[in-house]
Amino acid sequence: MSDSEALTEKANVELLFSEAELETRRQHIVDFIAEMADSAGAEGAVIGLSGGIDSTTVAYLACEALGADAVHGLLMPSSVNPKDDETDADRVAKELGIECDTIAINPIVDAFVDAAPDHAAEDRMALGNVRVRTRAVLNYFVANAESRLVLGTGNRSEAATGYFTKYGDQAVDCNPIGNLYKCQVRQLARALGVPEDLVTRTPTAAMWEGQTDEEEMGLGYDELDVILALHVDGPLSKHATVETLEVPEEAVDRVVELYETSAHKRAMPPAPEPL
């Protein structure tokens, strides 16, 4: 058994739901989406589709909660998106029978680059964040025009490590899968009937060419999930986590570093204490 397979097995033991628990979670999220739309007086939802597991899972749940006619998908490719993204996202939209529009964001991003100081466009991370924030603006543009909610596609693993763009992919009205670790999202996706090639697709935020989540974070989701669950969110000490999971100390340190340095992303912008 490889190290990755061993970690996956540990994740299965520690984090995955029983069949009954999974059904309860699915229904809870479906009810949550319906209640959010009803309380806001919204006529439906907008979802940014990428063909990835998170946005696909949210799209499946939204259709169950609101009906396919009330879900509007937006596919917003840029020059760094693999062609597979467009194909997979389009396949999801057709499978679910939802309206889907494709909006190329390159011209919009190029306009930002032209307007900004020259050195800004030379920063790969800054430019990647512009792509993500551009998609958020378009999500809200369409949602406002159609009296819909913007459904987020972020999961618990991303939130805990700050693996999202501030005022970008977390600029949403609600996060239906925000309480699920990545491995739990995969489990739920399979139960919903999401095609296996989408469940196992390499996660990427498409911020620059060749970018992947796991390479940028420095560890895989299976390893990340169990360290988050047992140490950051759970009761185990660093030593106990290392011994239980048989992972290097450096991996635990990396997860803690990601969690601590991204705290500002999970909080409202601070203001001075009142006098």
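As the structure is a prediction and not an experimental result, all values here were calculated from the model.
A distance of 4.0 Å separates OG1 in T102 from CG in L75, rounded to the nearest 0.5 Å. How far NE2 of H72 is from CD of E43: 13.5 Å, rounded to the nearest 0.5 Å. The distance from the CD atom of E35 to the NE2 atom of H28 is 8.5 Å, given to the nearest 0.5 Å. Rounding to the nearest 0.5 angstrom, the gap separating the CG atom in L236 from the NZ atom in K238 is 14.0 Å. Within the model, atoms CZ of R266 and CZ of F164 stand 7.0 Å from one another, a figure rounded to the nearest 0.5 Å. In this structure, the separation between CD on Q184 and OG1 on T57 is 12.5 Å, given to the nearest 0.5 Å.
Side-chain atoms of N106 come within 3.5 Å of backbone N or O of S79 as a donor-acceptor pair. The closest donor-acceptor contact from the side chain of R135 to the backbone of G168 lies at 3.5 Å or more, if one exists at all. Panel note: side chain D54, backbone G154; no donor-acceptor pair is recorded below 3.5 Å. A donor-acceptor pair under 3.5 Å is absent between the side-chain atoms of T165 and the main chain of N129, judged by distance alone. A donor-acceptor pair under 3.5 Å is absent between the side-chain atoms of E249 and the main chain of V242, judged by distance alone.
In this model, no donor atom of one side chain and acceptor atom of the other lie less than 3.5 Å apart for Y221 and N155. One side chain, Q170 or N175, offers a donor N or O that lies under 3.5 Å from an acceptor on the other.
The same ILVMFWY cluster, assembled from side-chain heavy atoms under 4.5 Å apart, contains both I29 and I98. Linking Ile, Leu, Val, Met, Phe, Trp and Tyr residues whenever their side-chain heavy atoms come within less than 4.5 Å places Y60 and L180 in a single cluster. Each of V58 and Y140 belongs to its own hydrophobic cluster when Ile, Leu, Val, Met, Phe, Trp and Tyr are linked at side-chain heavy-atom distances under 4.5 angstrom. Cluster annotation: V30 is connected to M36 through the hydrophobic network of ILVMFWY side chains, with a link wherever side-chain heavy atoms come within less than 4.5 Å. Hydrophobic clustering places I103 together with V113 (ILVMFWY residues linked when any side-chain heavy atoms are closer than 4.5 Å, directly or through intermediates).
Closest approach of V150 to A143, counting heavy atoms only: CG2-CB, 3.6 Å. Closest non-hydrogen pair, A89 versus S50, comes out as CB-C, 3.9 Å. T241 and V247 get closest at one heavy-atom pair: O-CG2, 4.3 Å. Closest approach of P269 and Y167 over heavy atoms only: CG-OH, 3.2 Å. A37 approaches L66 most closely through the heavy-atom pair CB-CD2, 3.8 Å. Closest non-hydrogen pair, A136 versus A171, comes out as CB-CB, 4.2 Å.
Between S78 and V109, the closest side-chain pair of non-hydrogen atoms is not below 4.5 Å. A 4.5 Å side-chain heavy-atom check between D101 and V142 finds every atom pair outside the cut-off. You'll find the side chain of L188 reaches within 4.5 Å of the side chain of L22, heavy atoms only. Looking only at side-chain heavy atoms (C-beta outward), R186 and L16 stay at 4.5 Å or farther from each other. Between K182 and I53 the shortest side-chain heavy-atom distance falls below 4.5 Å. Counting heavy atoms from C-beta on, the side chains of K166 and R133 come closer than 4.5 Å. Side-chain contact between V255 and H231 is absent, with no heavy atoms from C-beta onward closer than 4.5 Å. Annotation: side chain of E158 is not in contact with side chain of I177 (no heavy-atom distance under 4.5 Å).
Residue-environment remark: CG (D118) stays at or below the threshold of 12 foreign heavy atoms within 6.0 Å. Within a 6.0 Å radius of CD in E95, no more than 12 heavy atoms belonging to other residues, nucleotides or ligands are found. The neighbour count for D69 CG, taken as heavy atoms of other residues, nucleotides or ligands under 6.0 Å away, does not exceed 12. Residue Y259 qualifies as open at atom OH: its count of foreign heavy atoms under 6.0 Å is 12 or below. Heavy-atom contacts from other residues, nucleotides or ligands closer than 6.0 Å to NE2 of H264 number more than 12. Within 6.0 Å of CD on E19 lie no more than 12 heavy atoms contributed by other residues, nucleotides or ligands.
A salt bridge links D90 with K94; the closest basic N to acidic carboxylate O contact falls under 4.0 Å. The residues R156 and D225 are annotated as not salt-bridged, no charged nitrogen and carboxylate oxygen being separated by less than 4.0 angstrom.
A side chain to side chain contact (heavy atoms under 4.5 Å, CB included) with I47 is found for exactly one of V172, T153, L149, V92, namely T153.
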Evaluate L245 against E223 for side chain to side chain contact (heavy atoms under 4.5 Å, CB included), listing each step before the verdict. CA-CA 9 Å; L245 299 178; E223 192 174 20; over 6 Å; no
Mind running side chain to side chain contact (heavy atoms under 4.5 Å, CB included) on C100 and L74 for me, showing each step along the way? CA-CA 6 Å; C100 184; L74 296 183; over 6 Å; no
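Cation-pi geometry between R131 and F112 is not met: the NZ or CZ atom fails to fall both under 6.0 Å from the ring centre and inside 45° of the normal.
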